[in-house]
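What follows is a single structure, written as structure tokens, with notes after it.
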Amino acid sequence: MSEKKKIYKPSPISGFPEWTPDVRLVEQQWLDHIRRVFESYGYCNIETPAIEALDVIAAKGEDVDKEIYVLERLQADENDKKEARLALHFDQTVPLARYVAQHFNDLIFPFKRYQMQKVWRGERPQAGRFREFYQCDIDVINVDHLPLHFDAEMPAIIWQILSTLSGMKNEKIQLRISNRKILMGAMQALEIKNPVEVMRWIDKAEKLSEKQIFDGLLSANVEKNSIRPLLTFCEKKETGPQAGLNIYNHINSYSFCNDLMREGAEELMFVMDQLALLPANAAVADLSIVRGLDYYTGTVYETVFLDDPSYGSICSGGRYDDLAGNYINKHLPGVGISIGFSRLFDRIRQKGQLPLGKHSPADILVVMPNEDMRGVATETANILRQRYNVELSHGGKLKKQLATAEKKGIPYIWFPPFEDGLPHEVKNLATGEQTKADPNTWEASLRGTS
RNA sequence: GCGACUGUAGCUCAGCGGUAGAGCCCUCGGUUGUGAUCCGAGUUGUCGCGGGUUCGAACCCCGUCAGUCGCCCCA
């Protein structure tokens, strides 16, 4: 009877973030905000299962294999071996490809969809790097041909979201844009035979010293005479209203400029021209942007905090020529971008910039002086609930009830009449002001509190 | 998967060989129907886990697990 209970001390699992209610409240507001902007552009939502057949996920490439979580029952029986192996999805692009292939005949093209779900990656967690995190993806897929203006719509949507999220007001972010055709063309012109390895080094240009990059490219067997031209070529960055034309001219001025490079340059110019209305430095044409994943074939995007680019990209994506070629015999080009929601959110949280304070979605706490009044209080709460989020107090001393509202950040206390014939009263906790009010008609001045 | 560092109360940490501490948080109280301030009282720990050295270990040694930060890779 008095035997000591075994306690399993709770501890967080690294890389799997969870928040207290006040933080979660803001996280949900962020997700709602992103959803609203996506929908304001006419994109529809889909949700795919957390898992896919392992074969589907692993089709992406060897490099990601080691990060994939597979799913199995603790006690599998022999029949399980007949089932396909399952794995938690690693991103939302691969599930999208499968989804589009599977529902091809029921979708309306260009298919414009957004998707906000958790994804899982078996990485070593670090600041801004999780093993379970939200991604907010938005993509357009079309059959055979996808107009280029979608490549410009993606960063425009992203800019609108990032510049209006709560807590982001003082953050300087930058969308960096390039087009893979440019670098691919340049590597062709310079007769570089292992483009993937070379792109990796170019991608690291910001983190490493010039010498490190030089040596890296040398070890990647790039012709010594080609390294310097390649690096100076990639260093080019252009922002502002003339960015498109300037970057085009830069590329075109090179003696080794070929058709593929020119094609990429024209596309990049088009995208930059469409973004000319954004504030200075919001978007930059940056030839060092290549992205790690190998399925991108045209426009590529990356987004960083200008004061801390090494934190990593908080929003990346690009154009791919053929999304679902592995699953269906159709040519389906697409372009898409993904907000690394958790990385972005956690950064703002760590910097203490989230508008925290509320631990409850309630606008009003209806209190009661004693249990005899619970009936009246319940009735009052129900009336107010038609227009507000209302918590009915659990009772106890009035003093405690007020303190509860204070702690939970509920802005208003509602006092039902304590005796027949007396009026209702409502108290604004921030100002301390208490006034008579009618629950049917009272208007809260909630602006700015949520 | 590799390397460096760190594990003491819910949180931030002090203690570094001799009875386990502080601040914050939390709980209760400061009369009858009103929070934030103030005052008073109180609770909170296998000192990550296992072994070793020692009369004695939170402290020293070994191992292990977990976490943080770099690398790889990426949102």
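Heavy-atom basis, side chains included; hydrogens, waters and symmetry copies ignored. Note on naming: letters A, B, ... go to the chains in the order of the sequence lines (proteins, then strands), and numbering restarts at 1 for each one.
- Without hydrogens or angle criteria, A/Glu267 side chain to A/Leu148 main chain gives no donor-acceptor distance under 3.5 Å.
- Both thresholds, 5.5 Å between centres and 30° between ring planes, are met by A/Phe133 relative to the base of B/A75, so the two rings are stacked.
- In this structure A/Lys351 satisfies the side chain to side chain donor-acceptor pair (under 3.5 Å) test together with A/Glu171, sequence neighbours excluded.
- Taking the centre of each ring, A/Tyr388 and A/Trp414 stay at or above the 6.0 Å mark.
- Listed by chain and residue number, nothing satisfies the ring-ring contact (aromatic ring centres under 6.0 Å, His included) test with A/Phe111 (two or more places apart in sequence, or in another chain).
- Note that CD of A/Glu27 and CG of A/Asp22 are 11.5 Å apart. Values are rounded to the nearest 0.5 Å.
- Here the separation of B/C24 from B/G40, taken at their P atoms, is 12 Å to the nearest Å.
- A heavy-atom distance below 4.0 Å to RNA chain B is reached by these residues of residues 342-356 of chain A, ordered by number: A/Arg343.
- For A/Arg35, the salt bridge (Lys or Arg N to Asp or Glu O under 4.0 Å) partners two or more places apart in sequence, or in a different chain, are A/Asp32.
- Of the residues in residues 297-321 of chain A, A/Ser313, A/Ile314, A/Cys315, A/Ser316 come within less than 4.0 Å of RNA chain B through at least one heavy atom, sorted by number.
- The stretch residues 31-40 of chain A does not touch RNA chain B, since none of its heavy atoms comes less than 4.0 Å from the strand.
- For A/Tyr114, the ring-ring contact (aromatic ring centres under 6.0 Å, His included) partners at least two apart in sequence or on another chain are A/Phe38.
- Within 6.0 Å of CE on A/Met184 lie no more than 12 heavy atoms contributed by other residues, nucleotides or ligands.
- Heavy-atom neighbours of A/Glu379 CD from other residues, nucleotides or ligands within 6.0 Å: at or below the threshold of 12.
- Only one option out of A/Thr299, A/Asp139, A/Thr297 pairs with A/Tyr320 in a side chain to side chain donor-acceptor pair (under 3.5 Å); it is A/Asp139.
- For A/Arg129 against B/C73, a side-chain N or O and a base N or O form a donor-acceptor pair under 3.5 Å.
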Exercise for the section: For each nucleotide in nucleotides 33-38 of chain B, reading 5' to 3', give B when a protein heavy atom comes within less than 4.0 Å of its base, S when such contact involves only the sugar-phosphate, and - otherwise. Expected result: BBBB--

Dump the pairs, protein N or O against N or O of nucleotides 41-43 of chain B, anything under 3.5 Å, distances to one decimal.
none

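- A search for ring-ring contact (aromatic ring centres under 6.0 Å, His included) contacts involving A/Tyr99 returns A/His103, not counting sequence neighbours.
- Taking 4.0 angstrom as the limit, A/Lys204 places a side-chain polar atom (N or O) nearer than this to OP1 or OP2 of B/C72.
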Identify the pairs formed between an N or O of the protein and an N or O of nucleotides 5-7 of chain B at a distance under 3.5 Å, and give each distance.
none

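- Residues passing the ring-ring contact (aromatic ring centres under 6.0 Å, His included) test with A/Trp159: none are found, sequence neighbours excluded.
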